[in-house]
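Heads up: the structure comes next, in structure tokens.
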Amino acid sequence: MFENLSDRLGGVFDRLTKQGALSEDDVTAAMREVRVALLEADVSLPVARQFVKTVTAKATGASVTKSITPGQQVVKIVHDELIKVLQGEGEPDTLRIDNPPAPILMVGLQGSGKTTTTAKLAKRLKDREKKRVLLASLDTNRPAAMEQLAILGQQIGVDTLPIVPGENAVQIAKRAKQQASLGGYDVYMLDTAGRLHIDEVLMDEVQAVRDVANPRETLLVVDGLTGQDAVNVATEFDGKVGISGVVLTRMDGDGRGGAALSMRAVTGKPIRFVGLGEKMDALETFDAQRVAGRILG
Ligand code: GDP
């Protein structure tokens, strides 16, 4: 995912660390290259700009340039700033799924990997946190999507709400809530309908479902390969329905990684998980330390 960025930065920092003594101009020149590398990785311009500005301010001080290992110190500053950009300030947060039954609303555009991610997360909650999970598909326009969730549920051993033809999304959400309470479930997950583009109808429906379910978590699933588009989608969904976190899918693909780097800084929302393949186990919590480590090789 970050191969190109990693190679580019590796080149810049190799030269810096080999150089020994550093002047402010050396650092500034290196940071110009870092900026280009970030933009080529599809990081949003304001984020790349701010990143370089912060690192330059910290790295051009005498305590760095006059130190014994200035190059290594610059790399350390970049590493720490990468973690801040990826994670924001403070500790990584975890899902709020206490007070059963906790509703989780899954939103996103069609094809983003929403249904797959819903099932992956349900499996994770069941296997790792021993939660009883109920899944419900609200995609009334696409019976195939409802069946897909039922099939995935069966495959991972998680219950799905029986499909009742003719119900609308709000009715299904109400039934899921009732079933989750009566059935003693810890969590119920609502897989909302996706659309190819963000439109009023989609947003109205998601808002109506949100108002009925009052979700503890609203997770937006976005395709990590789409770079800045993914960030734009997140901004729009957050403005319209309010999201509590993001899942970036297809991070196993050969995208340039910009979505991961821009998401937190632009939207203020945490990346909670990353999808790394089609299999039901291919979901990892987002770990800024690990990602920063991967970027810096
Ligand atoms: P939805 O329309 O948003 O519900 O999308 P689906 O869940 O049906 O996923 C669309 C396709 O993307 C399916 O073929 C999934 O297997 C695939 N997919 C989902 N997540 C990932 C991922 O993290 N990596 C890869 N490589 N494929 C994924």
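When a ligand or atom number is given, it counts from 1 through the structure's own listing order. The first residue in the sequence is number 1, and the count goes up from there.
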Should Lys58 and Glu81 count as an ion pair when the cut-off is N to O under 4.0 Å? yes
Using a strict 4.0 Å threshold on nitrogen-to-oxygen distance, state whether Asp80 and Lys84 make a salt bridge. no
For ligand 1, list the protein residues that place a heavy atom within a distance below 4.0 Å of one of its atoms, sorted by chain and number. Leu109, Gln110, Gly111, Ser112, Gly113, Lys114, Thr115, Thr116, Lys120, Arg142, Gln148, Thr249, Arg250, Asp252, Gly275, Leu276, Gly277, Glu278
Residues Glu167, Arg175: salt bridge by 4.0 Å N-O rule: yes
More than 12 heavy atoms of other residues, nucleotides or ligands under 6.0 Å from CG of Leu182: yes or no? yes
Closest non-hydrogen contact found for Met280 with Ile156 is CG-CG2, 3.6 Å
Going by atom types only, do Thr267 and Asp238 share a side-chain donor-acceptor pair under 3.5 Å? no
